[in-house]
Amino acid sequence: MSFTLNEATISEMQNEMETGNLSAKKLTMKYLENIAKYNETVNAVLEVNPEALHIAEALDVEREQKGSRGPLHGIPILVKDNIDTGDKTHTTAGSLALENNYAKEDAFIVNKLREAGAVILGKTNLTEWANFMTDGMPNGYSSLGGQVMNPYGLGKFDVGGSSAGSGAGVAANLAAGAIGTETSGSILSPASSNSLVGIKPTVGLLSRTGIIPISNSQDTAGPMTRTVEDAATLLGALSGADAKDAATSLIKKGLTQDYSSALNMDGLNNAKLGISRDYLEGLDDEELTIINTALADLQKSGAELIDPISLPTNLNDVNVLLHEFKSGVNAYLKNLSNNFPVHSLEEVIQLNEFFGEEALKYGQTVLEQSDEKSGKLVEAEYINARLNDIQMSQEQGIDGAMYENNLDALIFANNYGAGIAAKAGYPSITVPAGYTSEGKPVGITFTGKAFTEEKLIELAYAYEQATKQRKAPMID
């Protein structure tokens with residue numbers, strides 16, 4: 001079978017490069033051609049790395065002289081634009097206030113990508129400040145980059161947030177994969193909205209050093225790809241302990257960074273999965289039918305469903321985020337160069353007011369609410385909210401439900417269970433489950449206890465291979 005770029009997997013690209021039918025330079029050029037052809041429509045890529053082709057050429061020479069570094073050697077990857085890249089691309093969080101920000105060095109995970117041989121193709125647009133700027137801002141909108149569009153329904157379907165550009169870009173075949181970030185739903189939402197696989201890892205599996213923060217308690221980066229295998233490949237390359245991020249000290253000794261053994265087509269056999277029907281409320285009839293079909297497919301593949309189970313649903317308190325955002329973003333901004341116009345959240349708010357409508361089309365209510373907090377994380381309001389989040393999401397939530405029912409994972413639709421997993425700091429993986437009659441993508445999401453990514457990948461891969469629901473969008 002001849003190689004075609006669109007919908008090609010990372011392993012297929014590697015095979016082509018190993019046999020000499022393709023080079024990293026040619027692969028990068030093909031994706032650049034796609035960006036030139038489609039990005040004006042989907043508005044997913046905020047900036048192309050001017051060094052991408054040089055990096056690809058150097059990797060081709062290295063492959064010829066020394067062999068491949070591994071599965072990501074020469075593979076073009078997009079990075080969300082709240083993740084530092086210490087090259088000739090900016091890191092802006094989609095904000096006009098950070099329009100001219102060049103990071104001094106790579107984020108830890110970007111350095112991991114480079115070590116693995118990936119080509120950093122460019123930066124993706126996002127919901128401004130990772131959707132922690134204001135109330136009522138559309139998913140995928142930033143004052144710097146404009147509106148990201150869902151390639152499955154331009155202007156018709158929600159593109160998801162906040163890693164909207166990463167989602168739309170990979171769905172539209174503008175890169176082999178992308179890195180998103182999530183505080184609560186910001187990988188799972190655009191992944192399910194754009195018919196992708198997205199992994200929101202356990203907080204601590206991936207370093208957050210060099211990522212513009214929202215919440216130290218909940219933030220994590222993660223891969224967004226077209227297949228479970230590709231997501232597993234990226235996750236393995238990204239994970240690792242970082243002395244600058246205390247959360248990564250939680251990584252268990254010997255925890256795998258190679259998830260290939262989890263790619264088991266029989267992975268659902270004898271699996272025990274729990275469904276909370278409370279978390280399916282909000283789906284329309286057609287979407288619910290798709291999820292129920294997916295549940296039936298899980299059973300056909302050997303899974304036992306415990307339906308329904310009970311989970312807490314009153315987890316809407318945002319006080320932890322409001323307090324931690326000011327603390328984290330001030331710590332990030334203070335390290336910008338002395339001549340940069342902002343070094344605190346307060347100064348960002350002031351500069352936005354100076355820009356006026358251009359920066360504040362939807363206001364900045366959330367930035368202002370956060371700035372009213374001390375940023376010292378000493379208030380009883382903050383501490384009590386954090387302790388309650390842990391109690392409700394872990395002990396009385398995911399851990400409690402999984403222990404009580406002896407479950408391997410919980411099942412949700414799209415990003416509907418993102419909040420409880422986010423507050424717990426626990427992993428989730430979403431996989432395409434089908435499309436409505438209008439073509440709107442629907443995803444099914446597997447969530448587990450801390451550091452159970454390998455099991456979740458096994459379950460998701462078995463479901464993906466049994467159903468093969470993903471279809472490429474038609475955006476010509």
Side-chain angles (χ1 to χ4, degrees), residues 82 129-133 135 162 181-189 200-209 211-222 242 244-252 276 279 310-334 344-346 365-403 410 412 415-428 447-452:
N82 62 344
W129 287 105
N131 207 16
F132 206 73
M133 178 176 179
D135 299 304
S162 66
T181 65
E182 173 155 336
T183 303
S184 183
S186 290
I187 291 172
L188 300 178
S189 166
K200 179 265 184 192
T202 306
V203 172
L205 186 69
L206 273 58
S207 168
R208 287 87 57 82
T209 302
I211 301 176
I212 298 175
I214 292 179
S215 165
N216 190 66
S217 300
Q218 296 181 199
D219 287 351
T220 181
D242 171 17
K244 294 182 180 179
D245 185 350
T248 63
S249 64
L250 297 171
I251 298 176
K252 298 170 186 174
S276 170
Y279 277 86
S310 178
L311 283 174
T313 56
N314 55 337
L315 292 168
N316 301 317
D317 190 334
V318 297
N319 271 306
V320 168
L321 306 189
L322 290 171
H323 283 270
E324 291 188 349
F325 180 73
K326 182 173 183 177
S327 171
V329 83
N330 280 346
Y332 177 89
L333 294 173
K334 75 179 177 61
S344 68
L345 176 57
E346 181 182 15
T365 55
V366 176
L367 296 186
E368 291 166 347
Q369 289 169 22
S370 180
D371 197 44
E372 290 172 1
K373 309 301 182 182
S374 73
K376 298 177 181 178
L377 307 183
V378 72
E379 293 88 343
E381 176 187 63
Y382 164 71
I383 295 171
N384 289 332
R386 178 70 182 125
L387 294 176
N388 184 66
D389 280 355
I390 293 170
Q391 177 74 18
M392 296 300 292
S393 65
Q394 295 182 3
E395 297 172 34
Q396 295 183 30
I398 294 171
D399 289 332
M402 292 188 68
Y403 177 78
L410 302 170
F412 299 99
N415 65 316
Y416 281 32
I420 190 168
K423 288 179 183 292
Y426 289 178
S428 298
T447 294
K449 293 186 286 188
F451 297 106
T452 58

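In this chain, numbering begins with 1 at the start of the sequence shown. A quick note: this is a predicted structure, and the numbers were derived from the prediction, not measured.
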Verify whether one side chain among Asn82 and Thr181 offers a donor that lies under 3.5 Å from an acceptor in the other. yes

Tell me which one of Asn330, Leu367, Asp371 satisfies side chain to side chain contact (heavy atoms under 4.5 Å, CB included) with Glu346. Asp371

To the nearest 0.5 Å, tell me how far Gln396 CD sits from Ser310 OG. 10.5 Å

Taking Thr202 for its side chain and Gly204 for its backbone only, find out whether a donor-acceptor pair lies under 3.5 Å. no

Show the nearest heavy-atom pair for residues Leu311 and Ala401, with the distance to one decimal. CD2-CB, 3.6 Å

With under 30° as parallel and over 60° as perpendicular, where do the rings of Phe325 and Phe132 fit, or are they tilted in between? tilted

Ignoring hydrogens and geometry beyond distance, is a side-chain donor-acceptor pair present between Asp242 and Thr248 at under 3.5 Å? no

Ile212 side, atom CD1; Trp129 side, atom CH2 - distance, nearest 0.5 Å: 5.5 Å

Which pair of heavy atoms, one from Lys423 and one from Leu315, lies closest together, and at what distance? CE-O, 2.9 Å

Separation between CD1 of Ile211 and CG of Asp245, rounded to the nearest 0.5 Å: 8.5 Å

Between Val203 and Ser217, the two heavy atoms sitting closest are CG2-O, 3.9 Å

I'd like to know if the side chain of Gln218 reaches the main chain of Thr183, judged simply by a donor and an acceptor atom lying under 3.5 Å from each other, with no hydrogens or angles considered. yes

Could you tell me if the ring centre of Tyr416 sits under 6.0 Å from that of Tyr279? no

Do you know the tightest heavy-atom contact between Ile214 and Asp219? N-OD2, 2.8 Å

Provide the closest heavy-atom pair for Ser370 versus Leu345 in the form atom of the first, atom of the second, distance. OG-CD2, 3.8 Å

Work out which heavy atom in Lys449 is nearest to a heavy atom in Pro427; give both atom names and the distance. O-CD, 3.2 Å

Any side-chain heavy-atom pair from Glu379 and His323 closer than 4.5 angstrom? yes

Test item: Leu410 and Ser276 side chains (from C-beta on) under 4.5 Å apart, heavy atoms: no

